[in-house]
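This report refers to the structure that appears directly beneath it.
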Amino acid sequence: MNGNAHNFDQIIAFIREGESFTLLSHISPDGDTLGSALALMHLLDKLGKKAEIICSNPVPKIYSYMPGSSRVTMPETAVGYASVISVDCADVARFGRAIRFFEQAERTASIDHHITNPGFAGINLVAPEASATAEIVCELYKRMDMPVDEAAAACIYTGIVTDTGNLSYSNTTPAALRIIADFVEKKLVDITEINRKIYRTVAYEKTRVQGFVMSNIRLECGGDVGIGILTQGQLHSYGASNEDCEGIVDCVRDIDCVKIGVFIREGADGSFKVSLRSKGVGDVGRIAIVHGGGGHEKAAGYTAHEALSTVVSDIVREAEAELKRCAEAE
Ligand SMILES: [Mn+2]
């Protein structure tokens, strides 16, 4: 990792100088933000420090196998220590209700791999070349001469595989694969078991709600843009939760003709969460940023507060314009 040796040193000093730490994971937590926070918590435990992890949403069931996951607390029951480290959060809006812990902290640090991270903390270790934030945390273990044990390896492995589409996206770096090769060689992770838990275990409700969205898919722009839509009423009629909607946007993207996949899900407050995926042609991060969201070229999202028909017509128009821009740039 190029990282920045300087910032690694700063983070290491930050950790060594503190006694008690609050680690912040982002809203709608994924395998990387949780895996990174948990791996960092295990590191702090070993150093004899006090640590808590705060997340505005509960740990999704599929990630509950990660050692220490029961210690992830909601903002309402958290302590809030003097030293705060955010993990995998590209901006402060990602903290959700946990933002006050960042604001009240005496010292703040951020460990992240999102290129859009503006460096909002006191110390910022942002390494866009890392496949996952978990890869940076692994490097931290190395630079602190701390051995990665089985518990930490399961968390780091989870962060890397979930952020790389199970080691298949273009961000799957040789460095990421070397970390995993090392874990496998040392028998620190059971990749078959973890993959079964993450990718081969689907809730009945999720299967049905996914089937509903996929069988009602709308193809726009001659099939270039695929749109899946799910209202709160539909979500509830399947007994499904927001967590069950994870991955639907990837199924939309995977349709053979689709270049930009969209999944629009109504939230409990009536807003719409718009998730975007591209196969490489069309930068969906550009679309999301216009709407106050974020992400990158191939995966991005934003929240819309307009009526559903407007949300749909906006995204169709913007996706078409983005594909046109790419075609012209070629
Ligand atoms: Mn990540």
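Read the numbers this way: they start at 1 and go in the same order the structure lists the ligands and their atoms.
In this structure, the ring of Phe102 has its center less than 6.0 angstrom from the ring center of Phe120.
Using modelled atom types, one finds no donor on one side chain facing an acceptor on the other under 3.5 Å when comparing Asp314 with His291. Asp190 and Tyr157 share no donor-acceptor pair across their side chains, judged by distance under 3.5 Å alone.
The closest approach of Asp32 to the Mn ion (ligand 1), by N/O/S atoms, is made by OD2. Looking at His113, its N, O or S atom nearest to the Mn ion (ligand 1) turns out to be NE2. The minimum distance between the Mn ion (ligand 1) and any N, O or S atom of Asp163 involves atom OD2. Within Asp88, the N, O or S atom lying nearest to the Mn ion (ligand 1) carries the name OD1.
For Asp149 and Lys186, the salt-bridge test fails: no basic side-chain N is under 4.0 Å from an acidic carboxylate O.
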